[in-house]
Number of protein chains: 2
Amino acid sequence: MVTRDRRRRVTITDVAEHAQVSTTAVSKVLRNAYGVSEAMRLKVQAAIDELGYRPHNAARAMRGRTFTIGVLLPHIRNPFFADILDGLTDEISASGYQAIMVQSGGNDPAAERRASDALVDRQVDGVLWVAPVCPRGQLEKLAKDIPLVVLGRHDRSALYDCVLDDDEVGAELVVEHLIALGHRRIAHITQKDTVGGRTALLHTIRAATYERMMTEHGLADHIAIAATSYTEEGGYDGARELLVRDPRPTAIFAGADQAAFGALAAVHEAGLSVPGDISVAGYDNARLTGLAHVALTSVDQDGAIMGQTAGRLLLERIAGRTAAVRFSVTPTLVARRSTASPGPSLLGE
Amino acid sequence: MVTRDRRRRVTITDVAEHAQVSTTAVSKVLRNAYGVSEAMRLKVQAAIDELGYRPHNAARAMRGRTFTIGVLLPHIRNPFFADILDGLTDEISASGYQAIMVQSGGNDPAAERRASDALVDRQVDGVLWVAPVCPRGQLEKLAKDIPLVVLGRHDRSALYDCVLDDDEVGAELVVEHLIALGHRRIAHITQKDTVGGRTALLHTIRAATYERMMTEHGLADHIAIAATSYTEEGGYDGARELLVRDPRPTAIFAGADQAAFGALAAVHEAGLSVPGDISVAGYDNARLTGLAHVALTSVDQDGAIMGQTAGRLLLERIAGRTAAVRFSVTPTLVARRSTASPGPSLLGE
DNA sequence: GAAAAGATGGGTAACGTTACCCACCACGTC
DNA sequence: GACGTGGTGGGTAACGTTACCCATCTTTTC
């Protein structure tokens, strides 16, 4: 490897020399530490500005904080994640923290593990983990080392905080809405489990609630689930699978908007119309999806608020809180044009 | 701040003691450095595995490399960025590098600056900057310190590499396609410039090419541009602005798919149909947008290839290359159902 | 068989920052 | 006037890693 002749960084020592004080004094000013006179503060600040000094993060990391929050996202194709990230950024940037993101690779536990390790190696001060699929034990192990907030899982843990929306309520709203419109053959698209036996994952809860609601309304015989993934591709594949069933469902409840979009594509491709031939509903209602030209009925969970809260909880944990907090938002249904009563011809069993 | 009693990290010293060798030897094994016998390698590797040792990134950063690539994305709402990121990850992960992302805040130069500083502070080994809006000088300044690849700008610089698609060809393809279908009143949605006098930005080139093509085809009088942004919101606002013009355009060429989706929403909201009343075309053709239920005519630039190439170029630069490279992909038109010939009633001037 | 060349392992001084301690000064207080 | 008591400022030893150098030991060459 060739060493680039990049000009040497301005260090705390340079600032100290320039201001004719000790490095300790400069460090104290930087950290707003106790024991600095106003005169000292001004003098050092002037030197900092003059030299264009910026603290070296890696060096800080060796001693303590990095002022960095790590965010693990399954992928960046879901605009709902963008809402979360915006909320988080809002909350933490005032405290001088910076968010860095790493893709955790959707549904693959090994990739997820690598991503989480990458953040630990980079010595982040806290982690926001969105929709992890790993076993709970792994989360707790991480939480022992680093302040952790998990978003979108229904675990209960004494070691980390949880931010979630009430997926049971959300799924109930959708199924009730469809039933109220007159649907009986309501199908569901969910995410395939890659690790056995999880019940705290949000897609598991949405699917279980769908089944429960169907059963409670005497529609157990019409339960139809396609287990693919919460992506456009997954929605597309899932819908194709559901559409060939006989009799065909009159409504599809996709567990996520992205999957609903994929389902819409499959429905159109099959020559069917929405909501004339089939109703489609999603979940997430990311900002601006209301704009989408086929206005999708969806469940609104306020991603920005969730991200903001996650940020606040992380800052609190970094500041020393150890008691676990659970923050739950109550979702609401936003009915749009992708759902309607089934035509009379569709009602026959 | 409370100090957490996190158990001490396993360090290279622990590994050295456990394997009964020097820290230098361990370090050499870790870096695949010269001067290590096979026996030594195995012994050290065994100790590493046994203790679950992971190199401390911050400590590495103080001495040299961090094995981290920083990616600056304007935002994460555009699936095209996901394609780029996937390509990059593919390319660099085999070399032990990890990508971390930071949002650069779309169209705001100050936010962009903060984001780029954040990566420099975190001592990344290289930066992939997607669609920067800052002045060229700032890019060159950064490139003097860190290997830099810029994606989506048509600058020429001796200090950094460029990965881009030929936006002139792409825009030509769209305008030609629309003209060939019989359109004359073709409007364009572009991004508003926040910094004066850039001509190397991709949206500037797409817009300029649109104007040139219109002029060359004798349609200069029909040039209509809405300058908003390359987002769903921007497309929505832009289309609303264009739709009230009299006479109304028969086609809208949005400079990005996201904007096209917003435009579609506005068109539908205005009670118009696509492509019956108005054709809409986009640009990017992110993977899976072909799935979208209204199949959008778009310009395909292979984001995965672009990301992959960017990764390769960065690794080369990190390895010591200093000569600047420019990699350009030639886009292709993917005509789908959102564009068609205008109805006869729409052709009148 | 001596010298050169190659292969392998280790010692050590940084890298930039901060936590912890100590030293000093100017006050009041008894 | 001796003695605390805050309020300031500085010295220094880490933190974990690696680049650079040197010390062996083995093999090859004349």
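We name chains A, B, ... by the order of the sequence lines, and we start the count at 1 in each one.
In this structure, of dC15(D), dG9(D), dT12(D), it is dC15(D) that holds the atom nearest to the side chain of Met62(A). Taking the side chain of Leu30(B) as heavy atoms from C-beta on, and the options dT17(D), dT18(D), dG9(C), the nearest nucleotide is dT18(D). Distances were taken from every side-chain heavy atom of Arg63(A) (C-beta onward) to each of dT17(D), dG11(D), dG16(C); the shortest belongs to dG16(C). Which of dG11(D), dG10(C), dT17(D) sits closest to the side chain of Ala25(B) comes down to dG10(C).
Here dC15(C) presents its C1' atom at 15 Å from CG of Asn57(B), a figure rounded to the nearest Å. If you measure from atom CD of Glu38(A) to atom P of dG9(D), you get 11 Å, rounded to the nearest angstrom. Rounded to an integer number of Å, the gap from Gln123(A) CD to dG16(C) C1' is 15 Å. Taking atom CD of residue Glu17(A) and atom C1' of nucleotide dG10(D), one finds them 15 Å apart after rounding to whole Å. Rounded to whole Å, the distance from CZ on Arg41(A) to P on dT8(D) is 13 Å. Between the CZ atom of Arg122(A) and the C1' atom of dG16(D) there is a distance of 15 Å, given to the nearest Å. For the pair Gln20(B) CD and dG9(C) C1', the computed distance is 15 Å after rounding to whole Å.
Considering all non-hydrogen atoms of both residues, Val21(A) and Val26(A) come closest at CG2-CG2, 3.9 Å.
At dG9(C), one or more side-chain N or O atoms of Ser37(B) fall inside 4.0 Å of OP1 or OP2 (strictly under the cut-off). Look at Arg31(A) and you won't find any side-chain N or O under 4.0 angstrom from OP1 or OP2 of dT17(C). Residue Thr11(B) places no side-chain N or O under 4.0 Å from the OP1 or OP2 atom of dG16(D). OP1 or OP2 of dC15(D) has not a single side-chain nitrogen or oxygen of Arg60(A) nearer than 4.0 Å.
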request  = Begin with the C-alpha distance, continue with both residues' side-chain angles, and end with the deciding distance and a verdict on side chain to side chain contact (heavy atoms under 4.5 Å, CB included) for Arg312(A) and Glu316(A).
outcome  = CA-CA 6 Å; Arg312(A) 185 169 50 75; Glu316(A) 287 172 14; 3.1 Å; yes

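Checking Gln103(B) against Asp86(A) by side-chain atom types alone, a donor-acceptor pair falls below 3.5 Å. Counting only N and O atoms by type, the side chains of Thr66(B) and Asn57(B) include no donor and acceptor under 3.5 Å apart. Using a 3.5 Å distance cut-off with no hydrogens or angles, the side chains of Glu140(B) and Ser157(B) do pair a donor with an acceptor.
Looking only at side-chain heavy atoms (C-beta outward), Arg122(A) and Thr68(A) stay at 4.5 Å or farther from each other. At least one side-chain heavy atom of Val120(A) sits under 4.5 Å from a side-chain heavy atom of Leu142(A).
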Could you list the protein-to-nucleotides 4-7 of chain D atom pairs, N/O on both sides, closer than 3.5 Å?
from   : atom 1 : to       : atom 2 : distance (Å)
dG7(D) : OP2    : Tyr34(A) : OH     : 3.0

Considering only nitrogen or oxygen atoms on both sides, find all protein atoms under 3.5 Å from nucleotides 20-26 of chain C and state each distance.
none

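Side chain of Ser27(A) to main chain of Thr23(A): no donor-acceptor pair is present (N/O by atom type, distance under 3.5 Å, no hydrogens or angles). Judged by distance alone, with hydrogens and angles left aside, the side-chain atoms of Arg136(A) form no donor-acceptor pair with the main-chain N or O of Asp155(A) at under 3.5 Å.
Taking the six-membered ring for Trp, His75(A) and Phe81(A) have ring centres closer than 6.0 Å.
In this structure, Met40(A) and Ser27(B) both approach DNA chain D, and ranking their closest nucleotides by distance from the 5' end singles out Met40(A).
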